[in-house]
There are 2 protein chains.
Amino acid sequence: MSITDLKFDIDRDSKTPLWLQIRNELFNCLYRDELRPGQLIPNEKTLVELFQVSIGTIRKAVGVLEKEGFLIRKQGLGTFVFQHDNSSFLFEYFHFALNGTEKQESPTVEFISFETKKASKAEAESLNIPTGSAIYRIYNKLGLNKKFYIVDKIIISQDKFPGLNEEIFKNRANTIYNLYQNKFNIFITNCSEKLKAITSNEKISKLLNIELGSPILKIDRIGQTYHNETIEIRTSYVHTSDIEYIHSQNSTFGESL
Amino acid sequence: MSITDLKFDIDRDSKTPLWLQIRNELFNCLYRDELRPGQLIPNEKTLVELFQVSIGTIRKAVGVLEKEGFLIRKQGLGTFVFQHDNSSFLFEYFHFALNGTEKQESPTVEFISFETKKASKAEAESLNIPTGSAIYRIYNKLGLNKKFYIVDKIIISQDKFPGLNEEIFKNRANTIYNLYQNKFNIFITNCSEKLKAITSNEKISKLLNIELGSPILKIDRIGQTYHNETIEIRTSYVHTSDIEYIHSQNSTFGESL
DNA sequence: CAGTGGTCTAGACCACCCT
DNA sequence: GGGTGGTCTAGACCACTGG
(Lines give C-alpha, C1' and ligand atoms only; values in the text may rest on other atoms or scores of the structure.)
Protein backbone atom coordinates (compact mmCIF):
# COMPACT_ATOMS: atom_id res chain seq x y z
CA MET A 1 0.00 0.00 0.00
CA SER A 2 1.67 3.16 -1.16
CA ILE A 3 0.81 6.60 0.08
CA THR A 4 -0.26 7.54 -3.44
CA ASP A 5 -3.14 5.08 -3.18
CA LEU A 6 -4.52 6.65 -0.02
CA LYS A 7 -7.55 8.88 0.07
CA PHE A 8 -7.20 12.09 2.03
CA ASP A 9 -9.90 14.07 3.75
CA ILE A 10 -9.40 17.70 2.83
CA ASP A 11 -12.25 19.99 3.81
CA ARG A 12 -12.25 23.20 1.81
CA ASP A 13 -14.93 24.75 4.02
CA SER A 14 -13.08 24.08 7.24
CA LYS A 15 -11.71 26.95 9.30
CA THR A 16 -8.41 25.06 9.34
CA PRO A 17 -6.16 26.25 6.51
CA LEU A 18 -5.60 23.80 3.68
CA TRP A 19 -1.86 23.75 4.22
CA LEU A 20 -2.36 22.75 7.86
CA GLN A 21 -4.83 20.01 6.96
CA ILE A 22 -2.30 18.65 4.49
CA ARG A 23 0.51 18.99 7.01
CA ASN A 24 -1.58 16.99 9.48
CA GLU A 25 -2.43 14.31 6.94
CA LEU A 26 1.23 13.88 6.08
CA PHE A 27 2.13 13.93 9.77
CA ASN A 28 -0.35 11.12 10.38
CA CYS A 29 1.30 9.13 7.61
CA LEU A 30 4.56 9.47 9.49
CA TYR A 31 2.90 8.56 12.76
CA ARG A 32 1.17 5.54 11.25
CA ASP A 33 4.41 4.53 9.56
CA GLU A 34 2.98 4.79 6.06
CA LEU A 35 5.98 6.97 5.42
CA ARG A 36 9.08 5.44 6.96
CA PRO A 37 12.37 7.04 8.09
CA GLY A 38 14.72 7.64 5.19
CA GLN A 39 11.99 7.11 2.61
CA LEU A 40 11.48 9.38 -0.38
CA ILE A 41 8.05 10.95 -0.35
CA PRO A 42 6.07 11.73 -3.53
CA ASN A 43 7.25 14.79 -5.41
CA GLU A 44 5.40 18.08 -5.25
CA LYS A 45 3.52 17.59 -8.50
CA THR A 46 2.19 14.24 -7.30
CA LEU A 47 1.12 15.76 -4.00
CA VAL A 48 -0.69 18.49 -5.92
CA GLU A 49 -2.77 15.82 -7.67
CA LEU A 50 -3.19 13.78 -4.49
CA PHE A 51 -4.56 16.69 -2.49
CA GLN A 52 -6.05 18.69 -5.38
CA VAL A 53 -4.52 21.96 -4.28
CA SER A 54 -2.05 24.40 -5.75
CA ILE A 55 1.68 23.80 -5.51
CA GLY A 56 2.17 26.76 -3.20
CA THR A 57 -0.10 25.14 -0.64
CA ILE A 58 1.83 21.87 -0.85
CA ARG A 59 5.10 23.74 -0.42
CA LYS A 60 3.79 25.47 2.67
CA ALA A 61 2.69 22.16 4.25
CA VAL A 62 5.94 20.40 3.44
CA GLY A 63 7.92 23.46 4.53
CA VAL A 64 6.36 23.35 7.98
CA LEU A 65 7.11 19.65 8.36
CA GLU A 66 10.67 20.36 7.32
CA LYS A 67 10.98 23.14 9.89
CA GLU A 68 9.59 20.78 12.49
CA GLY A 69 12.31 18.30 11.64
CA PHE A 70 10.20 15.49 10.21
CA LEU A 71 11.07 15.93 6.55
CA ILE A 72 14.24 16.93 4.74
CA ARG A 73 14.08 18.56 1.32
CA LYS A 74 17.00 18.09 -1.03
CA GLN A 75 16.97 20.09 -4.23
CA GLY A 76 17.40 17.93 -7.28
CA LEU A 77 16.73 14.76 -5.30
CA GLY A 78 13.41 14.91 -3.53
CA THR A 79 11.95 15.10 -0.04
CA PHE A 80 12.85 12.46 2.53
CA VAL A 81 11.59 11.37 5.92
CA PHE A 82 14.07 12.27 8.65
CA GLN A 83 15.94 9.48 10.35
CA HIS A 84 18.20 9.39 13.37
CA ASP A 85 21.70 8.35 12.43
CA ASN A 86 25.28 8.92 13.41
CA SER A 87 25.67 12.02 11.34
CA SER A 88 22.58 13.92 12.38
CA PHE A 89 21.77 12.63 15.82
CA LEU A 90 24.73 13.68 17.85
CA PHE A 91 24.61 17.35 17.33
CA GLU A 92 20.94 17.48 18.15
CA TYR A 93 21.00 15.80 21.50
CA PHE A 94 24.62 15.80 22.70
CA HIS A 95 25.32 19.15 24.27
CA PHE A 96 28.85 18.91 25.60
CA ALA A 97 32.17 20.31 24.52
CA LEU A 98 35.62 20.66 26.06
CA ASN A 99 36.08 23.81 28.12
CA GLY A 100 36.15 26.96 26.07
CA THR A 101 35.46 25.25 22.76
CA GLU A 102 32.26 25.05 20.79
CA LYS A 103 30.62 21.74 20.04
CA GLN A 104 32.48 19.63 17.58
CA GLU A 105 33.56 16.09 18.47
CA SER A 106 31.46 12.98 18.80
CA PRO A 107 31.65 11.32 22.18
CA THR A 108 33.06 7.84 22.62
CA VAL A 109 30.55 5.46 24.16
CA GLU A 110 31.36 2.49 26.41
CA PHE A 111 28.81 -0.05 27.51
CA ILE A 112 28.54 -0.74 31.25
CA SER A 113 25.50 -2.88 31.99
CA PHE A 114 22.11 -4.09 30.80
CA GLU A 115 19.56 -5.31 33.34
CA THR A 116 15.90 -6.22 33.50
CA LYS A 117 14.18 -4.53 36.46
CA LYS A 118 10.80 -3.45 37.78
CA ALA A 119 9.72 0.16 37.39
CA SER A 120 9.83 2.34 40.47
CA LYS A 121 6.84 4.56 41.16
CA ALA A 122 8.50 7.61 39.61
CA GLU A 123 9.72 5.71 36.55
CA ALA A 124 6.33 4.15 36.02
CA GLU A 125 4.63 7.50 36.22
CA SER A 126 6.93 9.04 33.63
CA LEU A 127 6.58 6.11 31.27
CA ASN A 128 2.83 5.89 31.89
CA ILE A 129 2.92 2.21 32.87
CA PRO A 130 1.91 0.44 36.12
CA THR A 131 4.38 0.52 39.00
CA GLY A 132 6.43 -2.65 39.00
CA SER A 133 6.15 -3.21 35.24
CA ALA A 134 9.13 -4.80 33.53
CA ILE A 135 11.73 -2.32 32.34
CA TYR A 136 15.27 -2.33 31.03
CA ARG A 137 17.92 -0.37 32.86
CA ILE A 138 21.04 0.33 30.86
CA TYR A 139 24.23 2.09 31.89
CA ASN A 140 26.71 3.68 29.50
CA LYS A 141 29.85 5.74 29.89
CA LEU A 142 30.53 8.64 27.52
CA GLY A 143 33.77 10.46 26.99
CA LEU A 144 35.48 13.13 25.01
CA ASN A 145 39.13 13.28 24.14
CA LYS A 146 39.88 9.80 25.53
CA LYS A 147 38.57 10.54 29.02
CA PHE A 148 35.19 9.59 30.46
CA TYR A 149 33.08 12.33 32.00
CA ILE A 150 29.50 11.10 31.68
CA VAL A 151 27.48 8.19 33.02
CA ASP A 152 24.12 7.62 31.37
CA LYS A 153 21.31 5.60 32.90
CA ILE A 154 18.59 4.65 30.42
CA ILE A 155 15.16 3.40 31.50
CA ILE A 156 12.74 1.99 28.91
CA SER A 157 9.65 -0.16 29.14
CA GLN A 158 10.15 -3.79 28.06
CA ASP A 159 6.71 -3.78 26.44
CA LYS A 160 7.78 -1.23 23.87
CA PHE A 161 10.99 -3.06 22.99
CA PRO A 162 10.08 -6.73 22.57
CA GLY A 163 13.12 -8.96 22.11
CA LEU A 164 15.67 -6.36 23.11
CA ASN A 165 18.65 -7.82 24.94
CA GLU A 166 22.21 -6.99 25.82
CA GLU A 167 23.64 -8.42 22.60
CA ILE A 168 21.33 -6.44 20.35
CA PHE A 169 21.95 -3.28 22.33
CA LYS A 170 25.74 -3.65 22.35
CA ASN A 171 25.99 -4.64 18.70
CA ARG A 172 24.00 -1.76 17.29
CA ALA A 173 25.93 -0.17 14.44
CA ASN A 174 24.46 3.26 14.93
CA THR A 175 23.02 5.47 17.66
CA ILE A 176 20.58 4.36 20.32
CA TYR A 177 17.76 6.39 18.80
CA ASN A 178 18.53 4.76 15.46
CA LEU A 179 18.17 1.36 17.14
CA TYR A 180 14.77 2.34 18.54
CA GLN A 181 13.72 3.47 15.10
CA ASN A 182 14.99 0.63 12.95
CA LYS A 183 14.44 -2.39 15.15
CA PHE A 184 11.42 -1.30 17.17
CA ASN A 185 9.65 1.22 14.99
CA ILE A 186 9.87 3.91 17.65
CA PHE A 187 10.85 7.34 16.48
CA ILE A 188 11.99 9.85 19.11
CA THR A 189 10.56 13.21 18.07
CA ASN A 190 11.44 15.45 20.98
CA CYS A 191 13.43 15.65 24.17
CA SER A 192 13.24 17.74 27.28
CA GLU A 193 16.13 18.08 29.70
CA LYS A 194 16.19 19.30 33.30
CA LEU A 195 19.53 20.13 34.90
CA LYS A 196 20.64 20.27 38.52
CA ALA A 197 23.90 20.38 40.44
CA ILE A 198 24.34 17.57 42.97
CA THR A 199 27.18 15.80 44.76
CA SER A 200 28.42 12.49 43.45
CA ASN A 201 27.54 9.32 45.30
CA GLU A 202 29.73 6.25 45.63
CA LYS A 203 28.60 4.56 42.42
CA ILE A 204 29.14 7.60 40.21
CA SER A 205 32.44 8.47 41.85
CA LYS A 206 33.74 4.99 41.15
CA LEU A 207 32.55 4.94 37.54
CA LEU A 208 34.01 8.33 36.73
CA ASN A 209 37.05 7.89 38.95
CA ILE A 210 36.46 11.05 40.94
CA GLU A 211 36.29 11.90 44.61
CA LEU A 212 33.15 11.09 46.56
CA GLY A 213 31.06 14.24 46.98
CA SER A 214 32.40 16.06 43.93
CA PRO A 215 29.95 18.47 42.30
CA ILE A 216 28.15 16.73 39.46
CA LEU A 217 25.77 17.94 36.80
CA LYS A 218 22.67 15.76 36.79
CA ILE A 219 20.48 15.82 33.68
CA ASP A 220 17.06 14.23 33.51
CA ARG A 221 16.04 13.76 29.93
CA ILE A 222 12.64 12.62 28.77
CA GLY A 223 12.55 11.25 25.23
CA GLN A 224 9.16 11.23 23.55
CA THR A 225 7.61 10.05 20.32
CA TYR A 226 4.52 11.24 18.45
CA HIS A 227 1.74 12.77 20.54
CA ASN A 228 4.05 13.24 23.52
CA GLU A 229 4.21 9.58 24.43
CA THR A 230 7.19 9.13 26.73
CA ILE A 231 9.53 6.36 25.59
CA GLU A 232 12.77 6.81 27.45
CA ILE A 233 14.00 8.26 30.71
CA ARG A 234 17.68 9.05 30.56
CA THR A 235 19.64 10.38 33.51
CA SER A 236 23.13 11.70 32.91
CA TYR A 237 25.71 12.29 35.63
CA VAL A 238 28.41 14.58 34.35
CA HIS A 239 31.75 15.51 35.82
CA THR A 240 32.19 19.03 34.45
CA SER A 241 35.81 19.67 35.29
CA ASP A 242 36.97 19.63 31.67
CA ILE A 243 33.71 19.82 29.73
CA GLU A 244 30.69 22.11 29.65
CA TYR A 245 27.03 21.82 28.77
CA ILE A 246 26.30 24.22 25.91
CA HIS A 247 23.02 25.88 25.08
CA SER A 248 22.91 28.56 22.41
CA GLN A 249 19.98 30.66 21.34
CA ASN A 250 20.52 32.38 18.06
CA SER A 251 17.89 34.49 16.49
CA THR A 252 20.29 34.93 13.58
CA PHE A 253 20.83 32.58 10.71
CA GLY A 254 21.79 34.72 7.84
CA GLU A 255 24.59 36.97 8.98
CA SER A 256 26.99 34.69 7.20
CA LEU A 257 24.99 34.62 3.99
CA MET B 1 14.40 60.07 7.22
CA SER B 2 11.86 57.34 6.84
CA ILE B 3 12.65 53.92 5.49
CA THR B 4 10.23 54.56 2.65
CA ASP B 5 12.56 57.27 1.36
CA LEU B 6 15.55 54.97 1.18
CA LYS B 7 16.89 53.52 -2.05
CA PHE B 8 17.60 49.82 -2.01
CA ASP B 9 20.09 47.90 -4.09
CA ILE B 10 18.34 44.86 -5.45
CA ASP B 11 20.27 42.99 -8.13
CA ARG B 12 18.01 40.82 -10.24
CA ASP B 13 20.96 39.13 -11.93
CA SER B 14 22.65 38.18 -8.68
CA LYS B 15 22.96 34.55 -7.67
CA THR B 16 21.50 35.58 -4.30
CA PRO B 17 17.73 35.09 -4.27
CA LEU B 18 15.65 38.25 -4.27
CA TRP B 19 13.97 37.34 -0.99
CA LEU B 20 17.39 37.01 0.68
CA GLN B 21 18.61 40.32 -0.71
CA ILE B 22 15.48 41.97 0.66
CA ARG B 23 15.85 40.17 3.98
CA ASN B 24 19.42 41.49 4.21
CA GLU B 25 18.40 45.04 3.31
CA LEU B 26 15.73 45.01 6.01
CA PHE B 27 18.18 43.43 8.45
CA ASN B 28 20.64 46.24 7.79
CA CYS B 29 17.89 48.75 8.52
CA LEU B 30 17.48 47.10 11.89
CA TYR B 31 21.21 47.05 12.47
CA ARG B 32 21.61 50.68 11.47
CA ASP B 33 18.62 51.59 13.60
CA GLU B 34 16.58 52.93 10.71
CA LEU B 35 13.92 50.61 11.99
CA ARG B 36 13.69 50.83 15.77
CA PRO B 37 12.42 48.31 18.36
CA GLY B 38 8.66 48.36 18.65
CA GLN B 39 8.24 50.32 15.44
CA LEU B 40 5.66 49.44 12.81
CA ILE B 41 7.31 48.68 9.48
CA PRO B 42 5.73 49.54 6.11
CA ASN B 43 2.94 47.22 5.05
CA GLU B 44 3.43 44.55 2.45
CA LYS B 45 2.00 46.57 -0.41
CA THR B 46 4.39 49.43 0.32
CA LEU B 47 7.33 47.04 0.46
CA VAL B 48 6.25 45.64 -2.90
CA GLU B 49 6.57 49.11 -4.40
CA LEU B 50 9.77 49.88 -2.50
CA PHE B 51 11.56 46.77 -3.73
CA GLN B 52 9.67 46.32 -7.01
CA VAL B 53 9.02 42.63 -6.47
CA SER B 54 5.95 40.48 -6.10
CA ILE B 55 4.18 40.20 -2.76
CA GLY B 56 5.15 36.55 -2.37
CA THR B 57 8.81 37.53 -2.39
CA ILE B 58 8.23 40.19 0.27
CA ARG B 59 6.35 37.68 2.39
CA LYS B 60 9.23 35.23 2.17
CA ALA B 61 11.77 37.86 3.26
CA VAL B 62 9.63 39.14 6.13
CA GLY B 63 8.77 35.56 7.10
CA VAL B 64 12.43 34.69 7.52
CA LEU B 65 13.07 37.76 9.66
CA GLU B 66 10.09 36.79 11.76
CA LYS B 67 11.41 33.25 12.20
CA GLU B 68 14.75 34.72 13.20
CA GLY B 69 13.02 36.75 15.88
CA PHE B 70 13.65 40.25 14.52
CA LEU B 71 10.14 41.03 13.32
CA ILE B 72 6.71 40.16 14.64
CA ARG B 73 3.71 39.97 12.32
CA LYS B 74 0.28 40.66 13.72
CA GLN B 75 -2.66 40.00 11.48
CA GLY B 76 -4.90 43.00 11.13
CA LEU B 77 -2.31 45.29 12.72
CA GLY B 78 0.94 45.18 10.83
CA THR B 79 4.52 44.01 11.23
CA PHE B 80 6.61 45.31 14.13
CA VAL B 81 10.25 45.32 15.10
CA PHE B 82 10.84 42.99 18.05
CA GLN B 83 11.68 44.56 21.37
CA HIS B 84 12.81 43.09 24.65
CA ASP B 85 10.22 43.73 27.31
CA ASN B 86 8.75 42.16 30.40
CA SER B 87 6.31 40.03 28.51
CA SER B 88 8.54 38.54 25.86
CA PHE B 89 11.99 38.59 27.37
CA LEU B 90 11.68 36.31 30.31
CA PHE B 91 10.59 33.18 28.61
CA GLU B 92 13.35 33.46 26.07
CA TYR B 93 16.30 33.77 28.38
CA PHE B 94 15.11 32.63 31.81
CA HIS B 95 15.27 28.86 31.91
CA PHE B 96 14.28 27.91 35.43
CA ALA B 97 11.18 26.40 36.98
CA LEU B 98 10.29 24.85 40.31
CA ASN B 99 11.04 21.13 40.54
CA GLY B 100 8.77 19.02 38.41
CA THR B 101 6.91 21.93 36.86
CA GLU B 102 7.29 23.45 33.44
CA LYS B 103 8.31 27.05 32.97
CA GLN B 104 5.71 29.55 34.00
CA GLU B 105 6.44 32.23 36.60
CA SER B 106 8.56 35.32 36.28
CA PRO B 107 11.43 35.54 38.73
CA THR B 108 11.61 38.28 41.34
CA VAL B 109 14.77 40.35 41.02
CA GLU B 110 16.64 42.06 43.86
CA PHE B 111 19.51 44.45 43.35
CA ILE B 112 22.73 43.75 45.25
CA SER B 113 25.52 46.01 44.03
CA PHE B 114 26.81 48.19 41.22
CA GLU B 115 30.55 48.86 40.93
CA THR B 116 33.01 50.32 38.47
CA LYS B 117 36.01 48.04 37.97
CA LYS B 118 38.81 47.22 35.57
CA ALA B 119 38.44 44.30 33.18
CA SER B 120 40.36 41.14 34.00
CA LYS B 121 42.20 39.45 31.17
CA ALA B 122 39.42 36.93 30.58
CA GLU B 123 36.69 39.54 30.74
CA ALA B 124 38.57 41.83 28.37
CA GLU B 125 39.05 39.01 25.89
CA SER B 126 35.38 38.14 25.86
CA LEU B 127 34.31 41.74 25.49
CA ASN B 128 37.03 42.42 22.93
CA ILE B 129 38.48 45.40 24.83
CA PRO B 130 41.97 45.99 26.31
CA THR B 131 42.74 44.37 29.65
CA GLY B 132 42.17 46.87 32.43
CA SER B 133 39.50 48.82 30.55
CA ALA B 134 36.73 50.33 32.62
CA ILE B 135 33.76 48.02 33.17
CA TYR B 136 30.67 47.84 35.31
CA ARG B 137 30.18 44.87 37.59
CA ILE B 138 26.63 44.38 38.79
CA TYR B 139 25.22 41.77 41.15
CA ASN B 140 21.57 40.73 41.31
CA LYS B 141 19.63 38.10 43.21
CA LEU B 142 16.80 36.21 41.50
CA GLY B 143 14.13 34.14 43.09
CA LEU B 144 11.02 32.13 42.45
CA ASN B 145 8.14 31.61 44.83
CA LYS B 146 9.47 34.12 47.39
CA LYS B 147 12.83 32.40 47.84
CA PHE B 148 16.15 33.37 46.25
CA TYR B 149 18.07 30.73 44.36
CA ILE B 150 20.18 32.64 41.86
CA VAL B 151 22.99 35.18 42.02
CA ASP B 152 23.79 36.95 38.76
CA LYS B 153 27.03 38.76 38.06
CA ILE B 154 26.90 41.07 35.05
CA ILE B 155 29.99 42.47 33.35
CA ILE B 156 29.67 45.16 30.67
CA SER B 157 32.07 47.64 29.13
CA GLN B 158 31.63 51.24 30.34
CA ASP B 159 32.38 52.50 26.84
CA LYS B 160 29.24 50.93 25.45
CA PHE B 161 27.01 52.30 28.22
CA PRO B 162 27.94 55.96 28.65
CA GLY B 163 26.23 57.56 31.62
CA LEU B 164 25.01 54.34 33.17
CA ASN B 165 24.98 54.43 36.97
CA GLU B 166 23.42 52.66 39.89
CA GLU B 167 20.33 54.89 39.94
CA ILE B 168 19.54 54.35 36.29
CA PHE B 169 20.11 50.64 36.60
CA LYS B 170 17.98 50.23 39.71
CA ASN B 171 15.17 52.46 38.46
CA ARG B 172 14.67 50.72 35.16
CA ALA B 173 11.00 49.97 34.70
CA ASN B 174 11.57 46.94 32.54
CA THR B 175 14.14 44.19 31.94
CA ILE B 176 17.86 44.69 31.73
CA TYR B 177 17.91 43.96 28.01
CA ASN B 178 15.16 46.51 27.56
CA LEU B 179 17.36 49.06 29.35
CA TYR B 180 20.25 48.30 27.01
CA GLN B 181 17.94 48.73 24.06
CA ASN B 182 16.06 51.88 25.04
CA LYS B 183 18.71 53.91 26.81
CA PHE B 184 21.85 52.76 25.01
CA ASN B 185 20.68 51.60 21.61
CA ILE B 186 22.12 48.15 22.12
CA PHE B 187 19.94 45.27 21.06
CA ILE B 188 20.85 41.80 22.32
CA THR B 189 20.19 39.39 19.45
CA ASN B 190 21.54 36.12 20.76
CA CYS B 191 22.86 34.37 23.84
CA SER B 192 25.02 31.37 24.47
CA GLU B 193 25.16 29.60 27.80
CA LYS B 194 27.71 27.15 29.20
CA LEU B 195 26.84 25.17 32.32
CA LYS B 196 28.98 23.49 34.95
CA ALA B 197 28.54 22.06 38.42
CA ILE B 198 30.80 23.59 41.08
CA THR B 199 30.87 23.98 44.85
CA SER B 200 29.73 27.24 46.39
CA ASN B 201 32.32 29.62 47.80
CA GLU B 202 31.86 31.86 50.81
CA LYS B 203 30.35 34.79 48.93
CA ILE B 204 27.72 32.75 47.12
CA SER B 205 26.88 30.72 50.22
CA LYS B 206 26.23 33.88 52.16
CA LEU B 207 24.14 35.49 49.45
CA LEU B 208 21.97 32.43 48.93
CA ASN B 209 21.97 31.43 52.59
CA ILE B 210 23.28 27.94 51.97
CA GLU B 211 26.09 25.83 53.36
CA LEU B 212 29.63 26.46 52.17
CA GLY B 213 30.59 23.84 49.59
CA SER B 214 27.05 23.05 48.43
CA PRO B 215 26.79 21.93 44.82
CA ILE B 216 25.97 24.91 42.61
CA LEU B 217 25.07 25.25 38.97
CA LYS B 218 27.30 27.84 37.33
CA ILE B 219 26.16 29.35 34.05
CA ASP B 220 28.35 31.51 31.86
CA ARG B 221 26.23 33.46 29.44
CA ILE B 222 27.54 35.58 26.61
CA GLY B 223 25.07 38.14 25.29
CA GLN B 224 25.73 39.44 21.79
CA THR B 225 24.32 42.00 19.39
CA TYR B 226 24.38 42.19 15.59
CA HIS B 227 27.37 40.60 13.87
CA ASN B 228 28.29 38.62 16.99
CA GLU B 229 29.63 41.57 18.92
CA THR B 230 29.80 40.55 22.58
CA ILE B 231 28.07 43.04 24.89
CA GLU B 232 27.54 41.32 28.19
CA ILE B 233 29.10 38.56 30.26
CA ARG B 234 26.68 37.20 32.78
CA THR B 235 27.57 34.52 35.30
CA SER B 236 24.79 32.87 37.26
CA TYR B 237 25.27 30.83 40.41
CA VAL B 238 22.24 28.69 41.05
CA HIS B 239 21.23 26.66 44.06
CA THR B 240 19.22 23.91 42.40
CA SER B 241 17.61 22.32 45.44
CA ASP B 242 14.09 23.45 44.55
CA ILE B 243 14.45 24.64 40.96
CA GLU B 244 15.75 23.16 37.70
CA TYR B 245 17.27 24.45 34.50
CA ILE B 246 14.99 23.46 31.63
CA HIS B 247 15.97 22.88 28.03
CA SER B 248 13.41 21.45 25.63
CA GLN B 249 13.90 20.50 22.03
CA ASN B 250 10.66 20.05 20.22
CA SER B 251 10.53 19.22 16.60
CA THR B 252 6.78 19.42 16.94
CA PHE B 253 4.66 22.51 16.89
CA GLY B 254 1.39 21.42 15.50
CA GLU B 255 0.24 18.41 17.47
CA SER B 256 -2.09 20.64 19.40
CA LEU B 257 -3.56 22.27 16.33
C1' DC C 1 19.36 14.24 -20.05
C1' DA C 2 14.98 14.05 -17.15
C1' DG C 3 13.40 14.94 -12.64
C1' DT C 4 13.59 17.29 -8.37
C1' DG C 5 12.89 21.21 -5.31
C1' DG C 6 13.72 26.64 -5.25
C1' DT C 7 12.31 31.13 -6.81
C1' DC C 8 9.10 34.39 -8.49
C1' DT C 9 4.91 36.38 -10.40
C1' DA C 10 0.31 38.88 -10.19
C1' DG C 11 -3.21 38.64 -8.69
C1' DA C 12 -8.03 37.14 -5.60
C1' DC C 13 -10.24 36.51 -1.51
C1' DC C 14 -10.48 35.80 3.62
C1' DA C 15 -9.75 36.76 8.71
C1' DC C 16 -8.55 39.89 11.88
C1' DC C 17 -8.17 44.45 14.30
C1' DC C 18 -9.16 49.19 15.27
C1' DT C 19 -12.16 53.18 15.09
C1' DG D 1 -15.37 50.46 6.93
C1' DG D 2 -10.69 50.60 5.88
C1' DG D 3 -6.39 48.61 6.59
C1' DT D 4 -3.51 44.80 7.91
C1' DG D 5 -1.46 40.24 7.34
C1' DG D 6 -2.96 35.11 6.01
C1' DT D 7 -4.36 31.87 2.51
C1' DC D 8 -4.55 30.20 -2.06
C1' DT D 9 -4.13 29.95 -7.06
C1' DA D 10 -1.89 28.54 -11.60
C1' DG D 11 1.34 28.93 -13.59
C1' DA D 12 6.79 30.14 -15.50
C1' DC D 13 11.46 29.65 -15.10
C1' DC D 14 15.88 28.46 -12.58
C1' DA D 15 19.37 25.47 -10.04
C1' DC D 16 20.65 21.33 -8.57
C1' DT D 17 21.13 16.18 -8.78
C1' DG D 18 21.90 11.71 -10.66
C1' DG D 19 22.60 8.70 -14.47
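Below, chains carry the letters A, B, ... as their sequence lines are ordered, and counting in each starts from 1.
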Specify the separation, in whole Å, of atom [atom1] of [X] and atom [atom2] of [N].
X	N	atom1	atom2	result
B:Ile58	C:dC8	CD1	P	11 Å
B:Glu44	D:dT7	CD	C1'	11 Å
B:Leu20	D:dA15	CG	P	15 Å
B:Ile10	C:dT7	CD1	P	15 Å
B:Phe80	D:dT4	CZ	P	11 Å
A:Ile41	C:dG5	CD1	P	7 Å
A:Leu40	D:dG18	CG	C1'	13 Å
A:Gln52	D:dT9	CD	C1'	13 Å

**OP:** Run the salt-bridge test on A:Arg23 and A:Glu66 with the 4.0 Å N-O cut-off and return the result as yes or no.
**Re:** no
**OP:** Say whether, by atom type as modelled, one donor and one acceptor occur between the side chain of A:Arg36 and the main chain of A:Asp33 under 3.5 angstrom.
**Re:** no
**OP:** Look at all strands and tell whether A:Lys45 reaches a base, only sugar-phosphate, or nothing, counting heavy atoms closer than 4.0 Å.
**Re:** nothing
Kindly point out which of [options] is positioned nearest to the side chain of [X]?
X	options	result
A:Arg59	D:dC8, C:dG5, C:dC8	C:dG5
A:Pro17	D:dT7, C:dG3, D:dT4	D:dT7
A:Thr57	D:dG6, C:dG5, D:dC8	D:dC8
B:Leu18	C:dC8, D:dG5, C:dG3	C:dC8

**OP:** Assess whether atom NZ of B:Lys183 is packed by more than 12 heavy atoms of other residues, nucleotides or ligands within 6.0 Å.
**Re:** no
**OP:** Tell me, yes or no, whether the heavy-atom count around A:Asn171 atom CG, taken from other residues, nucleotides or ligands under 6.0 Å, exceeds 12.
**Re:** yes
**OP:** Flag the pair A:Ile219 / A:Tyr245 as yes when at least one side-chain heavy-atom distance between them is below 4.5 Å, and no otherwise.
**Re:** yes
Original post:
Side chains of B:Glu25 and B:Phe51: closer than 4.5 Å at any heavy-atom pair?
Top reply: yes
Below the 4.0 Å mark, does [N] have OP1 or OP2 next to a side-chain nitrogen or oxygen of [X]?
X	N	value
B:Lys60	C:dC8	no
A:Arg73	C:dT4	no
A:Arg12	D:dT7	no
A:Lys74	C:dT4	no

**OP:** Take nucleotides 10-18 of chain C nucleotide by nucleotide from the 5' end and write B, S or -, depending on whether a protein heavy atom sits under 4.0 Å from the base, only from the sugar-phosphate, or from neither.
**Re:** BB---BBSS
**OP:** Indicate the ring-plane relationship of B:His247 and A:His247, choosing parallel, tilted or perpendicular according to the 30° and 60° boundaries.
**Re:** parallel
